[in-house]
Every structure is written in structure tokens, then in C-alpha cells.
Protein chains: 2
Amino acid sequence: MNYVSRQTLERLPVYLRFLKSQCIDGPINTSAKTIAEALSLTEIQVRKDLAAISDGGKPRIGYITKDLINDLEDFLGYKDVNDAIIVGAGKLGKALMSYKGFAEYGLNIVAGFDTSDEAVGTDEEGKPIFHLDRMEELCRRMNIRIGIITAPADYAQRIADKMVKSGILAIWNFAPAHLEVPDNVLVRNENMAASLAVLSKHLSEQLMNS
Amino acid sequence: MNYVSRQTLERLPVYLRFLKSQCIDGPINTSAKTIAEALSLTEIQVRKDLAAISDGGKPRIGYITKDLINDLEDFLGYKDVNDAIIVGAGKLGKALMSYKGFAEYGLNIVAGFDTSDEAVGTDEEGKPIFHLDRMEELCRRMNIRIGIITAPADYAQRIADKMVKSGILAIWNFAPAHLEVPDNVLVRNENMAASLAVLSKHLSEQLMNS
DNA sequence: TAGATTGTTAATCGATTAACAATC
DNA sequence: TAGATTGTTAATCGATTAACAATC
């Protein structure tokens, strides 16, 4: 499979979502132009992205929708299930635990962990919340590779350390904290502050010009 | 104030967070090197970013921590309060409504909206949840400019349209949907599927090489 | 065949990095 | 003064866009 840049990789699920959304009564073929227009991208970019992960479309016809969906799902690994655990069973943590949509992406959150007496021992949509002390053992036993951090920032680094020790290789970090991890471990920050900065900058520019 | 690229803008809150985290007993001065090492960035990048938004540091000394914090907060508008509303009072919506941390960024969620009988009429951390029909009137009356979408994808575009009609200029979209809005309105997608794609790609690469 | 659409090669654009002069 | 650290100008790098040949 070809090399795919970070930017391309992030667009692929967007293409897939669009293709699936039109699939029910959908056209047999879809052109790069159609996709580009629907998603406010350029035709050329869509073609280049798709060239990297599909066997290619046919001139004058476009891509076979069904095959393209298939290729995207293959490449993104949506058909394999990745088990994950989540640390921090506050409101955000519980919201993610009970979100049904992740199944579509092959993400399966198997359990939550916390240290508070209130949370530990309860369930969230049938998913158990254990004490943090039991995390390593469960991760090892179940071969968990993905960890999600929804704990307060002060604990984030310690949790990340614990995750690394438990064999986790990819961390999805919702805490406003920079995490230090070994090279083979990837951290993806869901950086709310960055998003807010972009929103609020746009706002101040808009209001300035009026 | 200088032009600041999207990438720089997204890093600024990270610098600010670091500076604040060390401020209590913190050093009077902070160098670009210190910041870069703490955040796994390069010195040069930090300097260039900071040059755009501060009066500058002093050779051999670095930046005056207190002033730098001040400049960053000014630039990012953390001292002004931006009121916002949120549509979709499910678990994620409620989690965001009750998150105290947004205050630090100058974001103030004033109310939630939903259509379900269960949610409408209730409170979340003292913030009322109204019926969606009342959104436009409240936005107009309170001059709301920021809207947050935490509703199912199927409703996202209709909600966005309603937000635009209500005078909202910046939309923070958590729904897995592409939104069409006028040019003067900015959409920031919190694209979970993109994050998962990056995590899962890393994982498959790591597991392949072992 | 004609023409729409693909994939690729080259050009452009913008962000990051390097080199270096300025200065406390 | 010497040397650490700043800010700026130039070089590099990578992603996007444009141009165009290939083809169904």
C-alpha cells in the first residue's frame, strides 16, 4: 500500500462517510468531482487521495462506489476491531464509553478506569468501570493497544506512563496536557483549546470588519 | 497585530498552558529553549511563533514570563468572554455544558437546546436546556456568536442552517457531518474519525514491524 | 469518434528549519 | 568583553494545485 500523508489520512474517513451516506439508493459510480463538490474540496485533491488507496477509477465513469467504500474501509482498518480502554470516568469519559458510533470505525471500548469510589464498580452502557489499579493487568490480558485519556490534566502524564507500561501503543488524549511518551507510542491530542483559539480568532476578525 | 498562520494559532494555547503551569513558583524569565523542550517542539519555531504575538524577549534572558502570559491571553482573547449555545443535549453535549475548564478560555456556554421531551426543561450544572424552537430568539437577544453542535449527524446541517439564521458566526461541530455554511461563518470540525484513522494507522504499522 | 474523467508529472505555495546578524 | 539568546532572512521541505497525457 502506498504512503499516505497525515493530511490525506485525515480526509479518507470523510470520503468514506460521504460515500456511505449516499449509498442506500446510491449511484453505482461516483466521480472525484461529485465527492469534491459535496465536501468543499478540489477535484484534484480527491483524485490524488483516492489514487493512493484504491485500484483506481475508470475515465469517463469514475470510481465504482461499492469498491471504493471497500478500499477505504480496508485501508482504514474499519473491518478489524481495535479494543480500547478509557481512563477517567467523568462525564466526557462516560459519553465516549456510551457512544455507539465508534463501532463503525472499528473501535471497541471494553472498559473504563477511575479512582473515585463513586465511579468504580458501576457500569456505563454495560461497560464496566474498574479501579485504575487493575488497568495494567486487564490491558496485558486482553492485549489492549489503544488508551483514551479523559482525566484531569494533572493526572494525564501519570496515566500515559501507566498506559505505556501496560503495552499501549496509541493514546487518544482529551486532557489539556502535553504528554511525553516513547517514540513507538503515538499521542493524538484532541486539543479543545486549539479549536477554541481558531473559533475565537475568526469571531474577532468578523466582528472587527463590521 | 501580525498575521498568524493556522498552525501557529493552534500552538499558542499550548505555550500559554505551559507557561501558566509553571507560573506559581515559576521563573521570572522563560527562554524559547525551555518551552521547546517541554513541549517537544523546536526552539526556532517557538521563537517565531512568539515573535508574532509578543513585544519580544531579551537576548540572554528570554521572555518575561508574566508579560508573555499576558500577551498570549490578549491575543487569544481569553480575557473577553464569548457566550455560546450548544445544540444536542445528549451525553456529550451535557459533558461539554458542565465542563468548567472552558471558562479559562473565555468560553461561556449559556444554554443547551434539544428537541426531546426528556431533556427539554431540565438543567445541566445550572445551565438550562430549552426546546430548539427557542434557539433563534435567545441567540438574537443575547447576541450569541458561537454555536456548538453535539447532535446526531442527520440533524447537523439543519442545525447549522438554523445557527446561521440566528446570527452565529462560528460553529464548533462534533457531529460526523460536513456542513455547508456561508463564507463569513467558520466551521471547526472536531473530527473523531480523523483522529481514529491516525491512531489506528499507527497501530497497524507498529504491529506490522514486530 | 469525441469528450469526460482518470492518474501523473511539474509548478506553486506555505510552513518549517537553518544560518546568521543583532544585542543584552 | 564573551557568550547566550533573540529576531530575521534565506533555504528546505512537503502539501496543494495546475497542466497534460492517457483512456474508456
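The model shown is predicted, which means the values in this text are computed figures rather than measured ones. Numbered from 1 within each chain, the chains take letters A, B, ... in sequence-line order.
Phosphate proximity of C:dT5 to A:S31: absent, as no side-chain N or O sits under 4.0 Å from OP1 or OP2.
Counting to the nearest Å, the C1' atom of C:dT5 and the CD atom of A:E37 are 13 Å from each other. Put simply, CZ on A:R6 is 14 Å from P on C:dT16, counting in whole angstrom units. Rounded to whole Å, atom P of C:dT16 lies 10 Å from atom CD of B:E10. Atom CG in B:D55 sits about 14 Å away from atom P in C:dC24, given to the nearest Å. As a whole-Å value, the separation of B:I44 CD1 from D:dT12 P is 14 Å. For the pair B:L68 CG and D:dT6 P, the computed distance is 11 Å after rounding to whole Å. Rounded to a whole Å, the CD1 atom of A:I53 is 14 Å from the C1' atom of C:dG7. Rounded to a whole Å, the CG atom of A:L50 is 15 Å from the P atom of C:dT5.
If you check C:dC13 for Watson-Crick or wobble pairing at under 3.5 angstrom, you find it paired to D:dG14. Pair check for D:dA22 finds C:dT5; Watson-Crick or G-U wobble, both atom distances under 3.5 Å.
Mapped onto DNA chain C by nearest heavy atom, B:D49 and A:G62 fall at different nucleotides, with A:G62 at the one closer to the 5' end. For the pair A:R11 and B:R60, both in contact range of DNA chain D, the more 5′-proximal nearest nucleotide belongs to B:R60.
Distances from the side chain of B:Y63 to the nucleotides D:dG7, D:dT16, D:dC24 place D:dG7 closest. Closest to the B:S5 side chain, of the nucleotides C:dA15, D:dA15, C:dT17, is C:dA15. Side chain of B:Y3, nearest nucleotide from C:dA15, D:dT17, C:dT5: C:dA15. Considering only the side chain of B:Q45, C:dT16 comes nearest among C:dT16, D:dT6, D:dC24. For A:R47, whose side chain is taken as the heavy atoms from C-beta onward, the closest listed nucleotide among C:dT6, C:dT23, C:dT17 is C:dT6. For A:E43, counting side-chain heavy atoms from C-beta on, the closest listed nucleotide (C:dT6, D:dC24, D:dT16) is C:dT6. Each of D:dT16, D:dA4, C:dT17 was ranked by its minimum atom distance to the side chain of B:P59; first place goes to D:dA4.
Taking NZ of A:K91 as the reference point, atom CD of B:E124 lies at 4.0 Å (rounded to 0.5 Å).
The ring of B:Y105 has its center no closer than 6.0 angstrom to the ring center of B:W172.
For the residue pair A:E205 and A:N209, no side-chain donor N or O sits within less than 3.5 Å of a side-chain acceptor on the partner. Using modelled atom types and a 3.5 Å distance limit, the side chains of B:Y15 and B:D49 yield a donor-acceptor pair.
Here the side chains of A:R188 and A:N173 are not in contact, with every heavy-atom distance at 4.5 Å or above.
B:K48 contributes a side-chain N or O that forms a donor-acceptor pair with the base of C:dT17 under 3.5 Å.
Screening A:N70, A:T34, A:T30 for a side chain to side chain donor-acceptor pair (under 3.5 Å) involving A:T65 leaves a single residue, A:T30.
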